[in-house]
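Notes for the one structure printed next.
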Amino acid sequence: MTIRPLVILPDARLRVISEPVGTITGEVRKLAADMLETMYDAPGVGLAAIQVGEPTRIVTIDTSKDKEARNPLVLLDPAIVWSSPETRVYEEGCLSIPEYYAEVTRPDRVRVRFRTLDGETVEQEADGLLATCLQHEIDHLNGVLFIDHLSKLKRDRVIKKFAKAAKREAA
């Protein structure tokens with residue numbers, strides 16, 4: 001397994017709509033393993049393949065708090081098939097937008113359909129942190145960032161801040 005470099009805002013790749021996985025190959029399995037390694041190293045609770053520069057519909061998630069009780073989820077081609085009308089506000093952050101957090105309102109519960117690395121199609125219902133994380137990561141697959149759920153003013157400030165930082169680093 002390899003820890004891969006993260007794609008950071010304002011990198012345009014974060015706006016790319018990811019492609020379906022297709023056949024589950026050794027390459028797909030290696031990417032999923034690398035994503036888990038990268039996510040744990042960051043540390044984070046979720047990662048979309050585009051965040052390591054791969055425009056493929058793969059998401060890794062682990063909301064367990066304890067290193068010893070890890071419960072990794074690998075979702076291939078995930079899609080939200082149902083969302084509750086009730087909403088929840090949760091403070092979100094993103095490995096591609098380091099050290100920035102904001103409150104985002106999303107559906108409280110969701111049902112997600114995805115394929116496992118074994119090729120099995122699964123539907124799973126989630127609430128709480130897992131529901132938020134699923135929505136956040138699936139947004140990434142569609143070129144949407146959590147800051148897109150904020151006011152235009154807040155979003156523009158964040159983008160400007162990261163664009164300035166990227167220019168400083170490039171100089």
Side-chain angles (χ1 to χ4, degrees), residues 1-25 27-63 71-84 87-88 90 92-98 100-102 104-150 155 158-159 162:
M1 293 187 286
T2 305
I3 295 170
R4 297 192 182 202
L6 292 167
V7 176
I8 304 296
L9 190 73
D11 194 310
R13 290 177 291 177
L14 292 171
R15 297 302 187 172
V16 169
I17 296 173
S18 296
E19 295 293 323
V21 172
T23 304
I24 301 168
T25 61
E27 198 174 287
V28 167
R29 291 176 193 284
K30 177 163 181 8
L31 174 57
D34 289 354
M35 287 172 62
L36 282 167
E37 189 78 9
T38 303
M39 179 184 78
Y40 288 131
D41 181 69
V45 295
L47 189 68
I50 195 63
Q51 292 179 272
V52 292
E54 298 288 341
T56 306
R57 297 186 81 78
I58 301 176
V59 164
T60 57
I61 293 176
D62 190 343
T63 58
N71 187 23
L73 271 175
V74 175
L75 300 89
L76 309 180
D77 301 321
I80 295 170
V81 295
W82 174 83
S83 301
S84 69
T87 59
R88 166 190 299 249
Y90 200 90
E92 294 186 31
C94 181
L95 296 176
S96 292
I97 309 174
Y100 179 79
Y101 302 89
V104 177
T105 302
R106 295 185 185 268
D108 182 45
R109 296 183 328 277
V110 293
R111 186 176 311 118
V112 178
R113 181 180 300 132
F114 60 94
R115 291 187 303 146
T116 67
L117 285 170
D118 296 326
E120 181 185 358
T121 298
V122 174
E123 275 197 21
Q124 181 174 337
E125 208 161 300
D127 61 7
L129 176 58
L130 180 57
T132 298
C133 195
L134 285 163
Q135 293 171 82
H136 178 113
E137 299 308 332
I138 291 170
D139 271 357
H140 271 299
L141 301 180
N142 297 315
V144 175
L145 302 174
F146 87 95
I147 59 173
D148 297 337
H149 295 278
L150 306 178
R155 181 174 55 251
V158 174
I159 291 169
F162 279 85

In this structure, which one of H136, R106, R155 forms a side-chain contact (heavy atoms from CB on, under 4.5 Å) with H149?
R106

Quick one: pull up OG in S96 and CG in L47 and give me the separation to the nearest 0.5 Å.
7.5 Å

Main-chain N/O of A48 paired with E137 side-chain donor or acceptor, under 3.5 Å
yes

D34: which of R4, R29, M39 passes side-chain contact (heavy atoms from CB on, under 4.5 Å)
R4

Short side-chain to backbone donor-acceptor contact, Q135 and A131, under 3.5 Å
yes

The criterion is salt bridge (Lys or Arg N to Asp or Glu O under 4.0 Å); which residues satisfy it with R15, sequence neighbours excluded?
D148

Can you name the nearest heavy-atom pair linking L76 to I58, along with the distance?
CD2-CG1, 3.7 Å

Where is the tightest heavy-atom contact between E54 and L31, given as atom of each residue plus distance?
CG-CD1, 3.7 Å

Can you name the nearest heavy-atom pair linking R13 to G53, along with the distance?
NH1-CA, 3.9 Å

Kindly give the heavy-atom pair with the smallest separation between I61 and L134, and that separation in Å.
CD1-CD2, 3.5 Å

Rounded to the nearest 0.5 Å, what's the gap from OG1 on T60 to CG on L75? Could you check?
8.5 Å

Rounding to 0.5 Å, atoms OG (S18) and CG (D77) come to a distance of 10.0 Å

Would you indicate whether the side-chain heavy atoms of Y90 and L129 approach each other to under 4.5 Å?
yes

Is the side chain of S84 donor-acceptor paired with the backbone N or O of D108 at a distance under 3.5 Å, no angle test?
yes

To the nearest 0.5 Å, what is the distance between CG on L36 and CG on D41?
12.5 Å

Do V59 and M35 have side chains that get closer than 4.5 Å, going by heavy atoms?
no

Would you compute the distance between atom CZ of R115 and atom OG1 of T121 and round it to the nearest 0.5 angstrom?
7.0 Å

Smallest heavy-atom separation, C94 atom then Q51 atom, equals SG-NE2, 3.6 Å

Salt bridge (Lys or Arg N to Asp or Glu O under 4.0 Å) involving E27 - partner list, sequence neighbours excluded:
none

Correct closest heavy-atom pair for S83 and V110 would be OG-CG1, 4.0 Å

Rounded to the nearest 0.5 Å, how far does CD of Q124 lie from CG of L73?
5.5 Å

Between R111 and E123, is there a donor-acceptor pair closer than 3.5 Å when you use the side chain of the first and the backbone of the second?
no

